[in-house]
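Only this structure's heavy atoms are used, side chains among them; waters, hydrogens and symmetry mates stay out. Protein chains get the first letters and strands the later ones, always in sequence-line order, with residue 1 at the start of each.
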Protein chains: 2
Amino acid sequence: MGSPALRENSAPENSRLEILQAAAESFEQRGFSATSIDDVARMLGCTKGRIYHHFGSKADLFAAVFRLGMEMNFAAVEPLTHTDASATEKLRMMAEEHVRQMVTTKPFQRVVWDGVELLMRGALTPEQRDECLRLQQSRKRYSALFRAQMEKAKADGTVQYDDLSVATQVLFTCLNSPVFWYRPRIADLRKDQDAVIEQVVRFGLNGLGMKEA
Amino acid sequence: MGSPALRENSAPENSRLEILQAAAESFEQRGFSATSIDDVARMLGCTKGRIYHHFGSKADLFAAVFRLGMEMNFAAVEPLTHTDASATEKLRMMAEEHVRQMVTTKPFQRVVWDGVELLMRGALTPEQRDECLRLQQSRKRYSALFRAQMEKAKADGTVQYDDLSVATQVLFTCLNSPVFWYRPRIADLRKDQDAVIEQVVRFGLNGLGMKEA
DNA sequence: TTGACAACATACTCAGTAGTATGATCACAT
DNA sequence: ATGTGATCATACTACTGAGTATGTTGTCAA
């Protein structure tokens, strides 16, 4: 009773999340190297001390934002792969949820896009290097979720593509594109998001040669 | 005679181009802020003196790379708009040439992608600001070339999309995608490029709802 | 009460980098 | 031959920004 597990999401964890949020927005706006730790601190109205208390380095902070972004993607998409819909329907639902993530958690998803290549170049400690490899792996696992349904759908004859690797790259670039150009309208937020999501998904699935629903 | 105009592309201009080439590759690999002028100089086997002799600042160098990239795009695509093909056919040809630019001049096109937003944030002199606005304008003029054919093709009923702005953004993101993931194979270079170009173009046009040729 | 530790703020160090000032070399015109 | 300007290299300055060392405050357990 009164064990530490009961207040798992209290002040310290909230402080971490607040930092991650601010860091995501900073990285989104200025990119990794153009963002200074002081920038993030200023956005929070605090000093570097707070950030370096929770994160070991700038690269660690970036990696944490990346990891959280990927976790949100998995949480939204992975359950859909366990339903008993057709591969085509799964692909459509997965694409829709993926794009929804792009517009609802855009700062984090932009960091995921900028991604690991950025972290890989430059001097890294062995532990940081291992962490980067794990993050790369998680992204590969994520895209593999889509790849699997794409192959099944192709076998079913509902989509056509030549090279699977190229098709995956183009499809993801297409579905991810809102992280670059989407700006939420003040009014009609949900309706605006849904409209964008539907157009992007349609474009992507049409790109794969899928017939309209 | 022997006027200066006769030797327009002699040593000094070649030196400039050599710098632009190296700068493009550096910016492509590490991004704008992570690239130092010394990096570019090192790649050329020279020192900063040479670079600052030809370009006033790091931002000027970046802008020059951007400008050259856009010029190559216009040179490849703009002539096609003057042919007397159908809007659909024009769109196909323009997309093909555009993607060809992405794979053949990738470093420059990556800089064009990173683009002007990057330059706009941060302190700029009034002249630099004007130059940035001009570059933004040139990119808008370029996308307008495609937009025009998209509208005609929609009127012809050969493509379908809801919002023109969204469709343009997604289409361009799709056609530009090779700047992120394309890596030339050593052997069969031309054949490899053509295959990628064809798949990307097909994806993009299918995304617009265009029927297969 | 007190000691211990979490959660920061403050005040530094130090390496890297944009930009400059100046010197060296060479071509070329007069 | 000589001055002149273009084309660089060398040697600086000034500043930003990552990371650290240390001080301060609150909290909580014994």
Is it the case that the base of D:dA18 and the side chain of A:K48 share a donor-acceptor contact (distance under 3.5 Å, atom types as modelled)? yes
To the nearest Å, give me how far apart [atom1] ([X]) and [atom2] ([N]) are.
X      : N      : atom1 : atom2 : value
B:Q128 : C:dA18 : CD    : C1'   : 12 Å
A:F55  : D:dG19 : CZ    : C1'   : 16 Å
B:N14  : D:dT7  : CG    : C1'   : 14 Å
B:R16  : D:dT7  : CZ    : C1'   : 14 Å
B:I51  : D:dT10 : CD1   : C1'   : 15 Å
B:K58  : C:dG16 : NZ    : P     : 15 Å
A:Y52  : C:dT13 : OH    : P     : 17 Å

Nearest 0.5 Å, what's the CG-NE2 distance between B:L20 and B:H54? 10.0 Å
Please tell me which of the listed nucleotides, C:dC8, D:dG17, C:dG19, lies nearest to the side chain of A:R50? C:dC8
If only side-chain N and O atoms of [X] are considered, is one of them under 4.0 Å from the OP1 or OP2 phosphate oxygen of [N]?
X     : N      : value
B:S15 : D:dC8  : yes
B:H54 : D:dC8  : yes
B:S57 : C:dA18 : no

Specify the residue among A:G49 and A:A34 whose closest nucleotide of DNA chain D lies further upstream toward the 5′ end. A:A34
If you measure from the Lys or Arg side-chain nitrogens to the Asp or Glu carboxylate oxygens, is any gap between [X] and [Y] under 4.0 Å?
X      : Y      : value
B:K191 : B:D194 : no
A:E198 : A:R202 : yes
B:E131 : B:R134 : yes
A:D114 : A:R110 : yes

The single option from A:V99, A:I197, A:D192, A:V200 passing side chain to side chain contact (heavy atoms under 4.5 Å, CB included) against A:Y182: A:D192
Specify the residues of residues 37-47 of chain B, ordered by number, for which at least one heavy atom lies under 4.0 angstrom from an atom of DNA chain D. B:C46, B:T47
Could you point out which residue of A:F108, A:F32, A:F66 forms a ring-ring contact (aromatic ring centres under 6.0 Å, His included) with A:F27? A:F32
Are B:E25 and B:Q21 close enough that a side-chain donor and a side-chain acceptor fall under 3.5 Å? yes
All N/O contacts under 3.5 Å from nucleotides 3-6 of chain D to the protein, with atom names and distances to one decimal?
none

Look at the rings of A:Y142 and A:F74 and say which category their plane angle falls in: under 30° parallel, 30 to 60° tilted, over 60° perpendicular. perpendicular
Take atom CZ of A:R67 as the centre, draw a 6.0 Å sphere, and report whether it contains more than 12 heavy atoms from other residues, nucleotides or ligands. no
Within 6.0 Å of NZ in B:K154, more than 12 heavy atoms from elsewhere: yes
Checking all strands, does A:S33 fall into the base, sugar-phosphate, or nothing category for heavy-atom contacts under 4.0 angstrom? nothing
The helix from C:dT1-D:dA30 to C:dT30-D:dA1: angle between its terminal axes, five pairs each, to 10°? 0°
Evaluate the side-chain proximity of A:V170 to B:Q199: yes if any heavy-atom separation is below 4.5 Å, no if none is. no
